[in-house]
There are 2 protein chains.
Amino acid sequence: MSSMRELSQQQAAVREFIASQLALGRPSPSHREIASHFGFASSYAAGCHVRTLLRKGALVAEPGKARSLRLAEMLKTPRRSAVVDIPLFGSIPAGFGQDREQEAEGCVSVDIHTIGFQPTRHTFALRVVGDSMIGRHICEGDIVILEHGPEPRHGQIVAALMDRKSTLKTFVLKNNKPFLKAENPKYADLIPAEELMIQGVFRALIRKARE
Amino acid sequence: MSSMRELSQQQAAVREFIASQLALGRPSPSHREIASHFGFASSYAAGCHVRTLLRKGALVAEPGKARSLRLAEMLKTPRRSAVVDIPLFGSIPAGFGQDREQEAEGCVSVDIHTIGFQPTRHTFALRVVGDSMIGRHICEGDIVILEHGPEPRHGQIVAALMDRKSTLKTFVLKNNKPFLKAENPKYADLIPAEELMIQGVFRALIRKARE
DNA sequence: CTTTTTACTGCTCAAATGAGCAGTATGAGA
DNA sequence: TCTCATACTGCTCATTTGAGCAGTAAAAAG
């Protein structure tokens with residue numbers, strides 16, 4: 001009996017409290033802390049709930065060890081690949097490479113296996129404005145993940161600085177000379193790459209469904 | 001003086017030990033555990049190192065609280081939003097809803113702010129095969145994140161089971177009757193929605209750059 | 001009505017723990 | 001040489017903590 005999901009409301013609440021502390025990066029609460037959080041007068045009540053959760057397999061602990069409570073489901077996770085935080089900018093400032101952490105308007109956290117490469121210090125994310133890359137199926141509102149530094153190759157998508165804001169273009173070689181091309185028939189003009197500063201090379205994309 | 005990086009070899013080793021325990025998901029070691037790990041005869045030595053690391057700002061702790069050591073660098077992170085693991089399938093099996101964890105071929109980990117919604121037990125990811133949704137800018141090889149359960153609305157993208165494999169279609173209402181439409185002029189046929197089982201509604205997309 | 005389960009209060013106790021004192025030793029720098 | 005920082009041993013001590021006993025109460029199950 002009592003495989004796991006059969007938790008009473010109170011038991012679930014205790015589990016939830018412990019989970020929330022853990023998620024906040026704090027040590028797991030002691031019995032007395034649980035008791036005081038729920039307004040119990042006795043720590044025994046908390047201890048009792050913890051023991052029940054332990055018995056039902058919702059929690060794991062090392063007996064006698066202070067603050068050793070863990071969520072069972074966390075331990076059984078087959079260890080997803082490492083999750084990295086990539087700074088997200090609304091637009092890239094001209095000066096690049098110094099205090100990027102500060103100016104980021106947020107961050108994108110993804111596991112490296114999903115985005116398919118190992119980000120570096122020069123990896124950043126950008127919210128796409130405009131439909132200049134619709135021909136490559138990159139839409140307005142998408143978040144693109146770019147890498148600053150590497151020399152772009154023919155056909156790769158790059159972010160370039162135009163009129164103080166970064167725009168996505170396709171990097172092409174024509175007669176061995178580099179050009180940038182917008183992937184939209186509306187304004188498919190070719191711009192010599194030397195005139196623009198290339199901010200980064202396209203690596204991945206994340207899109208939310210719009211409703 | 002002693003801003004942070006000026007740790008002696010031994011101090012760095014102690015810090016490293018604490019970090020490793022934390023990374024393993026275990027509670028932070030007690031003074032005595034640190035001492036026994038390094039072969040110290042006295043816990044005071046460990047306590048001394050911890051106090052130094054605390055003073056130098058490498059560690060953070062709540063005084064008097066057992067096992068409350070944390071790495072300073074972890075806390076200063078502007079706390080990205082919670083990262084969730086979404087099971088990734090090559091194709092969805094017909095029987096749905098039971099032991100999905102087992103059959104998953106991997107998992108996608110993203111923070112919920114980036115994908116724009118709170119995943120549930122019924123959220124899953126799928127690798128896109130074919131170009132049937134190219135008109136909605138979903139390409140072969142993309143990973144789509146879907147939610148099983150909710151009633152689709154007109155114009156939403158859904159995964160439907162066709163010939164034992166799931167395909168992406170647009171859900172449309174025509175004369176108040178539901179149809180599924182492929183977004184590719186090559187085979188833009190309309191299929192009555194009753195004939196197919198809808199597996200989930202499109203919520204987000206992740207694409208790797210191909211080289 | 002009786003039994004069981006859940007949910008507590010109030011209390012005790014031993015082990016675990018953080019904190020720290022006094023003292024030893026070693027090596028670096030002044 | 002003297003001083004200072006690092007790195008310990010051996011010890012004590014007040015708290016924190018897990019663990020548990022005896023008893024109460026209410027609601028659900030039989």
So if I take every side-chain heavy atom of [X] and compare against [options], which nucleotide ends up nearest?
| X | options | result |
| --- | --- | --- |
| B/Ala66 | C/dG18, D/dG20, D/dC11 | C/dG18 |
| A/Phe40 | D/dC11, C/dC8, D/dT6 | C/dC8 |
| B/Ala41 | C/dG10, D/dG10, C/dA7 | D/dG10 |
| A/Ala45 | C/dC8, C/dT17, D/dT6 | C/dC8 |

#### Entry: Test: A/Glu140 and A/Arg210 ion pair at under 4.0 Å
no
### Query
Any salt bridge between B/Glu62 and A/Arg26, counting N to O under 4.0 Å?
yes
Quick one: [X] [atom1] to [N] [atom2], roughly how many Å, whole number?
| X | N | atom1 | atom2 | answer |
| --- | --- | --- | --- | --- |
| A/Glu62 | D/dG18 | CD | P | 12 Å |
| B/Leu59 | C/dG18 | CG | P | 13 Å |
| A/Ile18 | D/dT17 | CD1 | P | 14 Å |
| A/Gln10 | C/dT9 | CD | P | 10 Å |
| A/Phe38 | C/dT6 | CZ | P | 17 Å |
| A/Arg51 | D/dT17 | CZ | C1' | 13 Å |
| B/His49 | C/dG18 | NE2 | P | 16 Å |
| B/Lys65 | D/dG18 | NZ | P | 11 Å |

### Task
Return the residues of residues 27-37 of chain A meeting this criterion: a heavy atom under 4.0 Å from some atom of DNA chain D. Order them by number, or give none.
A/Ser30, A/His31, A/Arg32
### Task
Ignoring hydrogens and angles, tell me if any N or O in the side chain of A/Arg67 forms a donor-acceptor pair with the backbone of A/Ser28 under 3.5 Å.
yes
### Query
Ignoring hydrogens and geometry, is there a side-chain-to-backbone donor-acceptor pair from B/Asp85 to B/Ser109 under 3.5 Å?
no
### Query
Taking only residues two or more places apart in sequence, or in another chain, which ones meet B/Ser68 in a side-chain hydrogen bond (donor to acceptor under 3.5 Å, both in side chains)?
none
### Message
I'd like to know if the side chain of A/His137 pairs up with that of B/His137 as donor and acceptor (distance under 3.5 Å, no hydrogens or angles considered).
### Response
yes
### Task
Please check if any side-chain donor atom of A/Thr52 sits under 3.5 Å from a side-chain acceptor atom of A/Gln11, or the reverse.
no
### Query
With nearest nucleotides of DNA chain D determined for B/Gly64 and B/Gln11 from heavy-atom distances, which residue corresponds to the more 5′ nucleotide?
B/Gln11
### Query
Which residue, A/Thr52 or A/Ser43, contacts DNA chain C at a nucleotide closer to its 5' end, judged by nearest heavy atom?
A/Thr52
### Query
Hey, does B/Gly47 reach any base, or is it just sugar-phosphate, or nothing, if we go heavy atoms under 4.0 Å?
nothing
### Query
Of all heavy-atom pairs between A/Cys107 and B/Thr114, which one has the smallest distance, and what is that distance?
O-OG1, 4.0 Å
### Query
What's the verdict on side chain to side chain contact (heavy atoms under 4.5 Å, CB included) for B/Leu126 and B/Ile143, showing C-alpha distance, side-chain angles and the deciding distance?
CA-CA 6 Å; B/Leu126 212 55; B/Ile143 292 170; over 6 Å; no
### Query
With respect to the phosphate group of C/dT5, does any side-chain polar atom (N or O) of A/Ser8 fall under 4.0 Å of OP1 or OP2?
no
### Query
Can you check whether A/Gln9 has a side-chain N or O nearer than 4.0 Å to OP1 or OP2 of C/dA7?
no
### Task
Report the distance from atom CD1 of B/Ile134 to atom SG of B/Cys139, rounding to the nearest 0.5 Å.
4.0 Å
Hey, what are the protein-to-nucleotides 22-30 of chain D N/O distances that come in under 3.5 Å?
none

